[in-house]
Structures are given as C-alpha cells and as structure tokens.
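What you are looking at is a predicted structure, and each value in this text was computed from that prediction instead of being measured.
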Amino acid sequence: MNKYVVVVGAGGHAKVVVDTLRVLGDNIVALLDANKDLRGSFVMGHRIIGGDGMLDEITREGVLTAIGVSSITIRRRLFQMTREKGFRNLSLVHPAASLSKTAELAEGCQVMAGAVVQTGARIGVNAIVNTRGSVDHDCVVCDHAHVGPGAVLAQNARVGAETLIGAGATVLPGVRVGERCVVGAGAVVVADVPDDTTVVGNPAQALAQ
C-alpha cells in the first residue's frame, strides 16, 4: 500500500530519500526545511514549502515522516521533534537493497540502494545503512548511527548510538565501536573503540585529543 510521507530536512541526503520514495511509489505530501534560504527551491522536482513548524498544519492520520538529512546530530533532533509532534517515522528500505527476513528494523531507519542487511542483524531507531553498506549477520547498528556508503560491518560487530562509520570503512568480526564515535573513511577497525573516540587508518588508531 502506498504511503503518504512528509520529508523533513532538505540536505543532500533528501535527494536519496525522495528518489527512494519515488521508486517505492509513495506519495510525498511536503518537503520541509528550517533553512529559510532554501524555501521555494526544489529537491528532485519537489518544492520546499516551509519549515518544521508547518508540521503543525499537517494531519497525523495516515501521514508518516522521513528525515532527509544524514548529519547524526540534526537527524536525532528532527526525529525527536517529529515524534513529539505526534508523527511516526517511516522505516525506509530501497527495493535495490538486500534485506534478510530475520533482520530487525526500528522506526525511522533507512536502508539505501545496494545495501545488504543480513540475517539476525538489528538496525536501530533513525539509523542509516547508506548506499552499498554491508551489515553482516547478527550485527547491531544502534539508534541514530550512520553506516556510510560502502562501509562493511563483519559478523557480530556492534556500532554504538550516534556513531558514524565512514565511507568504505570496515569493522572486523565481533568488534564493538562505542557511542558518538567517528570511524574515518577507509579505516579498518580491528579492536574495540571506546565511546567518544575518532579512529582512522589501517589498522584504525585513535586521533589525539
């Protein structure tokens, strides 16, 4: 059944979200962004009609929201705001993604084109598995985390809440990456990473604070 969706936030990621909604045949009710300079501009042919406050004018019945930015901090804020206003966020899966029937998807997560989410994997609230990201069996991607394009989580890996796994990075089997971490693009994470740490390189090493 086709859905009615308000896209909140018109960052570059909104193009991917709008395109996915189109492919799925869902109906885009409105495109909103708090940046007044963007009002009247278009994303994939859809006009940005106003800011977040316009959600108060849209019926909650039968309408879902989808977050159109990839920034973890902004995504978390927008997710919380839409929930406080009584909306439910769409769990968005591109039809070109490969999703195991035993994978678990929480509210508002987004699995983009070419991504693979294997059996027993869990994708948290408002998390992203971006283009060609690979989440192997029994991995956990916690709330508001972002697995970047082409990144790989090997079996039983865990990514903490609000953590970014950069494009092309690899997290080896069973490795735990803490909360609010950044794994640099192309890094290979071979050991657990504590909370609030940025790691880069192969093997990944913490940047000096």
Tell me the closest heavy-atom pair linking [X] and [Y], and the distance in Å.
X	Y	value
N89	A66	OD1-N, 4.2 Å
G184	A169	O-CB, 3.6 Å
C142	G160	CB-C, 3.6 Å
Y4	V29	CB-CG2, 3.7 Å
A154	L172	CB-C, 3.8 Å
V117	A103	CG1-CB, 3.8 Å

Output the distance between atom [atom1] ([X]) and atom [atom2] ([Y]), rounded to the nearest 0.5 Å.
X	Y	atom1	atom2	value
T119	H137	OG1	NE2	8.5 Å
L64	D26	CG	CG	8.5 Å
N2	L24	CG	CG	9.0 Å
N156	C139	CG	SG	6.5 Å
E104	C109	CD	SG	11.0 Å
L99	H94	CG	NE2	13.5 Å

Out of curiosity, does [Y] fall in the hydrophobic cluster containing [X] (side-chain heavy atoms, cut-off under 4.5 Å, transitive links)?
X	Y	result
V93	V140	no
M44	L90	yes
I28	V23	no
V7	V43	yes
V111	V147	yes

Check whether [X] reaches the backbone of [Y] with its side chain - one donor and one acceptor, N or O, closer than 3.5 Å.
X	Y	result
T163	V159	no
T197	V193	no
S91	A106	yes
D33	G51	no
D195	E179	yes
R60	K85	yes

I want to check something: taking the side chain as every heavy atom from C-beta on, are [X] and [Y] in contact at a cut-off of under 4.5 Å?
X	Y	value
V141	R158	no
D19	V17	no
I58	F87	yes
V116	Q118	yes
Q155	P173	yes
L164	I72	yes
L207	V182	no
I49	L31	no

How about [X] and [Y]: does a side-chain donor come under 3.5 Å of a side-chain acceptor?
X	Y	value
S70	N130	no
Q110	H13	yes
T102	S100	yes

**Asked** Would E107 and R83 satisfy side chain to side chain contact (heavy atoms under 4.5 Å, CB included), going step by step from the backbone distance to the final call?
**Response** CA-CA 11 Å; E107 180 185 352; R83 292 298 279 133; 3.0 Å; yes
**Request:** Under the side chain to side chain contact (heavy atoms under 4.5 Å, CB included) rule, what do L153 and D136 come out as? Steps first, then yes or no, please.
**Result:** CA-CA 6 Å; L153 306 183; D136 204 3; 5.8 Å; no
**Asked** Where do D52 and M81 land on the side chain to side chain contact (heavy atoms under 4.5 Å, CB included) test, with the steps shown first?
**Response** CA-CA 9 Å; D52 305 342; M81 181 267 294; 3.6 Å; yes
**Asked** In this structure, which one of H146, R76, H144 forms a side-chain hydrogen bond (donor to acceptor under 3.5 Å, both in side chains) with E162?
**Response** R76
**Request:** Identify whether the distance between the nearest side-chain nitrogen and carboxylate oxygen of R180 and D196 falls below 4.0 Å.
**Result:** yes
**Prompt:** Around R39, counting heavy atoms of other residues, nucleotides and ligands shown, do more than 12 lie under 6.0 Å from its CZ?
**Reply:** yes
**Worked verdict on V189 versus T170 for side chain to side chain contact (heavy atoms under 4.5 Å, CB included)** = CA-CA 6 Å; V189 185; T170 300; over 6 Å; no
